[in-house]
Protein chains: 2
Amino acid sequence: MYKQTGTRLQSLPQEAIKMFINSFDTVLTDCDGVIWLFNDALQGAPNVINRFLEMGKKVFFVTNNSTKTRDEFLVKAKQLNFNISRDGIVSTAYLAAQYLKSQKFSKKAYVIGSTGIVQELDAVGIKHTGIGPDVLTNGLASFVNEELKRDPEVGAVVVGFDEHFSFPKLIRACSYADDPECLFIATNTDERFPLAHCVIPGTGSIVRCVETAAERKAFVVGKPNPFMCETLIREHGIDPGRTLMIGDRCNTDILLGTNCGFQTLLVETGIHKESDVEAWLKSKDPEDQKLVPDFIVSKLGDLLDYLN
Amino acid sequence: MYKQTGTRLQSLPQEAIKMFINSFDTVLTDCDGVIWLFNDALQGAPNVINRFLEMGKKVFFVTNNSTKTRDEFLVKAKQLNFNISRDGIVSTAYLAAQYLKSQKFSKKAYVIGSTGIVQELDAVGIKHTGIGPDVLTNGLASFVNEELKRDPEVGAVVVGFDEHFSFPKLIRACSYADDPECLFIATNTDERFPLAHCVIPGTGSIVRCVETAAERKAFVVGKPNPFMCETLIREHGIDPGRTLMIGDRCNTDILLGTNCGFQTLLVETGIHKESDVEAWLKSKDPEDQKLVPDFIVSKLGDLLDYLN
């Protein structure tokens with residue numbers, strides 16, 4: 001009834017809000033900007049999440065951040081008083097490993113990324129080339145003609161967030177990906193994270209770089225790609241029609257919900273606000289329409305009033 | 001008459017070929033894959049170029065390679081027996097400097113690139129931040145919070161080929177380009193250079209990376225952007241209708257010709273062949289049609305027979 005209308009939830013009668021709360025059994029929520037911001041829980045978010053769990057709803061924290069393992073996210077969640085379990089954490093490092101496992105991948109992965117990815121690969125027994133700096137010491141000609149050794153065991157390229165991303169890594173990745181048999185996986189395509197005094201490039205900028213040189217597209221496991229939903233449906237039997245996706249970024253979180261047939265809720269504690277939604281509602285581009293959430297609230301904690 | 005028909009030049013009667021030769025006063029030619037390959041002239045190419053010059057035609061070597069200055073290209077051309085002068089060399093490092101000059105740019109340029117760019121900037125008195133390695137030594141948080149100093153004088157980001165491209169460079173470039181007043185220039189967008197045993201990423205992969213993180217498009221001075229033609233028309237008064245563009249790559253060289261209203265000739269000593277042209281001729285995509293040259297020859301040297 002409120003599908004993709006951008007309705008302010010609290011404008012509805014109490015009764016309609018209760019119906020909405022009862023309309024989902026499963027909650028998927030983004031992390032940064034929704035339940036926490038850096039190292040602090042957002043006001044009321046732990047109470048809402050814990051109340052959902054007490055009500056018997058399944059809750060999953062779904063994040064495009066590929067730098068941490070599920071266990072590391074679990075530690076952070078526990079510290080911030082979220083009663084989530086390990087099964088409730090879905091990160092893109094984990095998903096990349098799950099994807100390779102689902103492909104019965106038995107070769108070695110060349111990784112542009114950080115500890116999250118290689119530890120999740122280790123956890124499912126997938127060999128990889130390791131991480132860390134890879135810099136040019138003797139110039140390009142020497143690197144290409146003498147130092148560059150192709151590892152014949154490599155059968156996949158995995159690209160995630162990598163603060164040590166460099167030209168030699170780019171050469172290796174696109175040279176492996178040049179073989180059409182080589183799998184080519186990206187954790188996510190988030191463009192960037194604007195801070196007050198600078199811009200931190202997102203994984204998406206690294207992915208576009210490798211894709212351009214490789215002249216092929218990566219398979220993206222993170223939001224908004226429905227691979228994440230398919231994994232949850234397969235492993236936890238969730239019902240898309242009775243699932244709610246909560247997020248602060250419409251082109252990842254809300255679009256994931258739209259792509260998977262979930263209900264969607266935008267919180268205004270992160271990237272996008274009601275004014276963005278209003279612009280998309282007026283747009284004639286059907287791609288913009290896909291970004292419109294069903295409901296909007298200022299912050300997740302506002303739901304608490306309706307959960308008792 | 002043969003406009004964008006992909007006609008094999010030598011299939012025409014001798015008389016028609018002579019008419020074609022007389023139909024242009026100016027020749028623009030790509031370098032790698034057309035007149036030379038790495039450090040060797042292609043067979044007959046110096047004779048054809050020198051004969052054009054003797055016939056009184058203006059000749060320009062136009063290359064997207066941003067790693068060398070015009071003077072360095074001139075030395076190479078002389079060594080390979082091309083009687084070209086400095087004015088006849090148009091490279092993207094030179095064009096980037098010309099573009100900034102045309103904008104009356106008086107601030108400092110942040111450069112992702114190599115010696116070609118900074119020397120051409122020096123030649124027109126434009127300040128820059130220098131080139132070379134820029135690697136993360138103490139981790140991302142330390143870099144962003146302590147080491148990253150923004151230079152308030154920087155008013156342009158210039159992106160060319162850079163074997164030292166790294167995540168810190170990416171952070172600096174997209175943080176400067178985040179200011180809409182900051183000029184954002186790319187030398188070219190060539191995707192890559194496939195070698196026998198690996199793939200060398202082209203400037204285009206670096207450009208797409210910075211563009212994604214900056215969330216804006218760079219102004220591209222190289223082929224196929226008509227900026228190059230505009231510069232030649234302004235500085236040398238060339239007549240597009242009586243100009244021939246020769247190239248081996250249709251999505252840069254031939255497209256430049258199409259974009260500028262030049263006649264076009266594809267040589268098959270580099271990237272694209274007649275079979276590619278046949279596919280584009282059959283395509284219904286108007287963008288593919290723009291890649292079709294007027295004429296095709298196996299190699300530039302084949303023209304020699306018609307120049308005496």
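Proteins get letters first, then strands, A, B, ... in listed order; numbering begins at 1 in each. Values below: every heavy atom of this structure, side chains too, minus hydrogens, waters and symmetry copies.
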Just give me the residue among B:C209, B:G139, B:C198 that pairs up with chain A most often, heavy atom to heavy atom, under 4.5 Å.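 The residue among B:C209, B:G139, B:C198 with the greatest pair count is B:C209.
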Using a cut-off of under 4.5 Å on heavy-atom pairs, state which of B:G202, B:S166, B:P201 scores highest against chain A.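 Highest number of pairs under 4.5 Å: B:P201.
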Most contacts with chain B, counted as non-hydrogen pairs under 4.5 angstrom, among A:H164, A:E215, A:R208, A:K169: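 Top option by heavy-atom pairs under 4.5 Å: A:E215.
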A:K223 pairs by salt bridge (Lys or Arg N to Asp or Glu O under 4.0 Å) with which of A:D30, A:D248, A:D190?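 Among A:D30, A:D248, A:D190, the one that satisfies the salt bridge (Lys or Arg N to Asp or Glu O under 4.0 Å) with A:K223 is A:D30.
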State plainly whether the residues A:E211 and A:K217 are in salt-bridge range, i.e. N to O under 4.0 Å.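 Answer for the salt bridge query: yes.
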Need one label for [X]: side chain, backbone, both or neither, based on atoms under 4.5 Å from any heavy atom in chain B.
X	answer
A:D162	backbone
A:V144	both
A:A177	neither

Using the ring-ring contact (aromatic ring centres under 6.0 Å, His included) rule, pick out the option among B:F105, B:F219, B:Y94, B:F184 that qualifies with B:Y99.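 Considering B:F105, B:F219, B:Y94, B:F184, a ring-ring contact (aromatic ring centres under 6.0 Å, His included) with B:Y99 is found only for B:F219.
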Any donor-acceptor N or O pair under 3.5 Å, side chains A:S275, A:E278: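 Note: A:S275 and A:E278 side chains miss the donor-acceptor criterion.
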Between B:D276 and B:L291, is a side chain to side chain contact (heavy atoms under 4.5 Å, CB included) present by the stated rule, with each step listed? CA-CA 9 Å; B:D276 299 302; B:L291 307 177; over 6 Å; no
